[in-house]
Amino acid sequence: MKHWIVESDVDNNKSYPQIVDAAKVLQQNEVVAFPTETVYGLGANAKSDCAVEKIFEAKGRPSDNPLIVHISNRDQLEGLVAEVPEDAASLIDAFWPGPLTIIFKNKKNVFSEKVTAGLPTVGIRMPDHPVALAIIEASGLPIAAPSANRSGKPSPTTAQHVIDDLEDRIAGVVDGGETGVGVESTVVDCTGPSPIILRPGGVTKEQLEEVVGKVEVDPSLKEGKGAPKSPGMKYTHYAPDAPVYLVDGTRADLQKLVDIKKEEGLRVGVLTTEEFVNDFQADVILSVGRREDLSTVAQNLYDTLRTFNRSNVDIIFSEMFPEEGVGLAIMNRLQKAAGYRVMKG
Ligand code: TXA
Ligand code: MG
C-alpha cells in the first residue's frame, strides 16, 4: 500500500507529486484514501463499476448502501444530476465546500449503478479540504467516497486509523494529518417538497434552517426503529469492540453503574468530558472533549471510541450530550455505537 504524506494546507495553485500520483492511481480505477474536513474517505472513480466494487470489497460494506460522490467544483454538478432544486441551490451557496451532502434525483448513465445502490437518487458533496479538492481536481473524475473504515467500525480521523483498518486492502492513503470536524457530513434529501435531514453531521440543523426555513429530521433516526431513508443508517456502526451504554442520569448514577460492573469483575471504561474527567473511578477513563464546546467532542469522538479498543475494556459507560448544534450528530453516532442502549439513572 502506498503512503503519500502531504501538508494539510496544500496550495491549490501548485502541483504536488504525491497528489498527481494518487490521482493517477484513481484514474487506473484503484481505491485511494484521503482526508476530507470531516473524516478520511475511501475514494474511487464514481463512473467505473470495477473501481466502485473495490470500495465495497475493501470495506466489507453491504452493497445496498449507496456512496456519496465528491466533486471539486460547483460547475460539475449540472452534468451529474437530473435537476438542482431551489432549496438545494441555496444550501450549496451557503455550505459548499463543506460538510453537507445533498441528495438529488439521478441522471441516467452518469455513475456506476453500484454508487447509487439502484436508488433513483444520488448524494453529492464538495468537501472543504484542500487535499481532497486537489486530488479530485487532478483526477478529473467524480469520486465516490465512503468513510475509509472497515464497515461497522468508527470512521477514521487520521491516516493511521485508515491503515489500522484497511492496510493491504487498498492501493494507498494520502496522509494529510488529522481531520477537523470529526463527524461525517450532514446528509439532506432535497428531492421532496422540503429538505429532510437523513443523517445529522457537520452542518447543523440550526444552520440549515437559517437558509431554507424549517427542516425535518428523518423520524426513524430517533428511536433507531423503522426503515431510515438513508440506507446506511440502518446498520450497526461506529461500535468499539466492547458494548457501550449511554447513561441518562447524573455522574453519581454513572459511577454506581461502574461500581456494579467492577464488582462483577469486569474491566470498565468511562467516556466522559474534560469538565468531569476527575469525577470518576474506573479502569479506563477517557475524555472526549469539552462539554462547553461540542465541536471538540465531535473532533475526538471516533478516536476515543478506537482508543477503548486498545485498552481492553469489557464494557463502556458514556455520558450523553445535548442534541443541539453538532450535539445532534454526536448523539446519533453515540446511540449507534451503543446499539441504542440507554441506562436511566
Ligand atoms: O463526511 C462524509 O460524508 C464522509 C466523507 C468521506 O465525505 N463520507 C461518508 O460516507 O460518511 P459514508 O458512505 O460512510 O456514508 C454515506 C451515507 C450513508 O448513510 C448512505 O446510506 C447515505 O449517505 N447515502 C448515500 N447516498 C444516498 C442516497 N442516494 N439516498 C439516501 N442516503 C444516501
Ligand atoms: Mg461511514
Side-chain angles (χ1 to χ4, degrees), residues 6 8-16 19-20 22-29 32 34-38 41-49 51-52 55 66-116 119-146 174 176 180-181 184-192 195 198 201-203 207-208 210-212:
V6 292
S8 60
D9 57 344
V10 297
D11 176 346
N12 284 115
N13 296 313
K14 287 194 204 147
S15 174
Y16 296 79
I19 285 174
V20 171
K24 262 192 207 137
V25 175
L26 285 169
Q27 288 165 343
Q28 291 158 356
N29 292 335
V32 169
F34 58 83
T36 79
E37 81 281 32
T38 57
L42 183 60
N45 177 2
K47 292 174 174 288
S48 158
D49 282 343
V52 173
I55 291 180
L67 305 177
I68 295 170
V69 176
H70 295 62
I71 59 175
S72 56
N73 192 318
R74 165 73 178 81
D75 298 338
Q76 285 170 275
L77 186 63
E78 271 73 14
L80 301 177
V81 301
E83 57 177 353
V84 180
E86 203 183 309
D87 279 341
S90 313
L91 291 173
I92 288 167
D93 287 342
F95 300 111
W96 279 11
L100 181 70
T101 295
I102 299 179
I103 306 292
F104 297 94
K105 287 186 181 143
N106 263 348
K107 197 172 201 165
K108 286 231 155 54
N109 301 324
V110 172
F111 300 117
S112 160
E113 291 239 325
K114 293 176 194 294
V115 167
T116 55
L119 293 176
T121 56
V122 62
I124 303 205
R125 88 176 189 99
M126 190 196 304
D128 187 17
H129 194 297
V131 173
L133 292 172
I135 291 171
I136 300 165
E137 185 76 24
S139 74
L141 296 166
I143 298 292
V174 180
V181 178
E184 296 86 341
S185 61
T186 305
V187 178
V188 176
D189 185 348
C190 286
T191 63
L198 305 187
V203 173
Q207 288 173 311
L208 295 173
E210 272 176 36
V211 177
V212 290

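The shortest non-hydrogen separation linking P195 to V188 is CB-CG1, 3.7 Å. Between T36 and G41, the closest heavy-atom pair is CG2-N, 4.4 Å. Nearest heavy-atom pair across G43 and A145 is CA-CB, 3.9 Å. Scanning all heavy atoms of the two residues, the minimum distance from P35 to V174 falls at CD-O, 3.2 Å. Taking every heavy atom of both residues into account, V69 and P142 meet most closely at CG1-CB, 3.7 Å. Closest approach of S139 and A23 over heavy atoms only: N-CB, 3.7 Å.
Between atom CG of residue N73 and atom CG of residue L133 there is a gap of 9.5 Å, rounded to the nearest 0.5 Å. Taking CD1 of I135 as the reference point, atom OH of Y16 lies at 12.5 Å (rounded to 0.5 Å). Separation of atoms CD1 (I71) and CG (L141) is listed at 13.0 Å; rounding is to 0.5 Å. If you take CZ on F104 and CG on L77, they are separated by 4.5 Å, rounding to the nearest 0.5 Å. The CG atom of N45 sits 10.0 Å away from atom CZ of F111, with the distance rounded to the nearest 0.5 Å. A distance of 7.0 Å separates CD of Q76 from CD of E137, quoted to the nearest 0.5 Å.
Counting only distance, with no hydrogens or angles, the side chain of N106 and the backbone of K108 share no donor-acceptor pair below 3.5 Å. K114 places no side-chain N or O within donor-acceptor distance of the main-chain N or O of A51, the cut-off being under 3.5 Å. Between the side chain of T186 and the backbone N or O of G201 there is at least one donor-acceptor pair closer than 3.5 Å.
Between R125 and E184 there is no salt bridge, since no side-chain N of the basic residue sits under 4.0 Å from a carboxylate O of the acidic one.
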Residues 79-103, side-chain donor-acceptor partners within the protein, below 3.5 Å, at least two apart:
{"from": "S90", "atom 1": "OG", "to": "E86", "atom 2": "O", "distance (Å)": "3.1"}
{"from": "W96", "atom 1": "NE1", "to": "L100", "atom 2": "O", "distance (Å)": "2.9"}
{"from": "T101", "atom 1": "OG1", "to": "S185", "atom 2": "OG", "distance (Å)": "2.8"}

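Residue-environment remark: CG (D11) exceeds the threshold of 12 foreign heavy atoms within 6.0 Å. Residue K24 qualifies as open at atom NZ: its count of foreign heavy atoms under 6.0 Å is 12 or below.
Between V212 and C190, the closest side-chain pair of non-hydrogen atoms is not below 4.5 Å. Within the 4.5 Å cutoff, no side-chain heavy atoms of E113 are placed close to those of V52.
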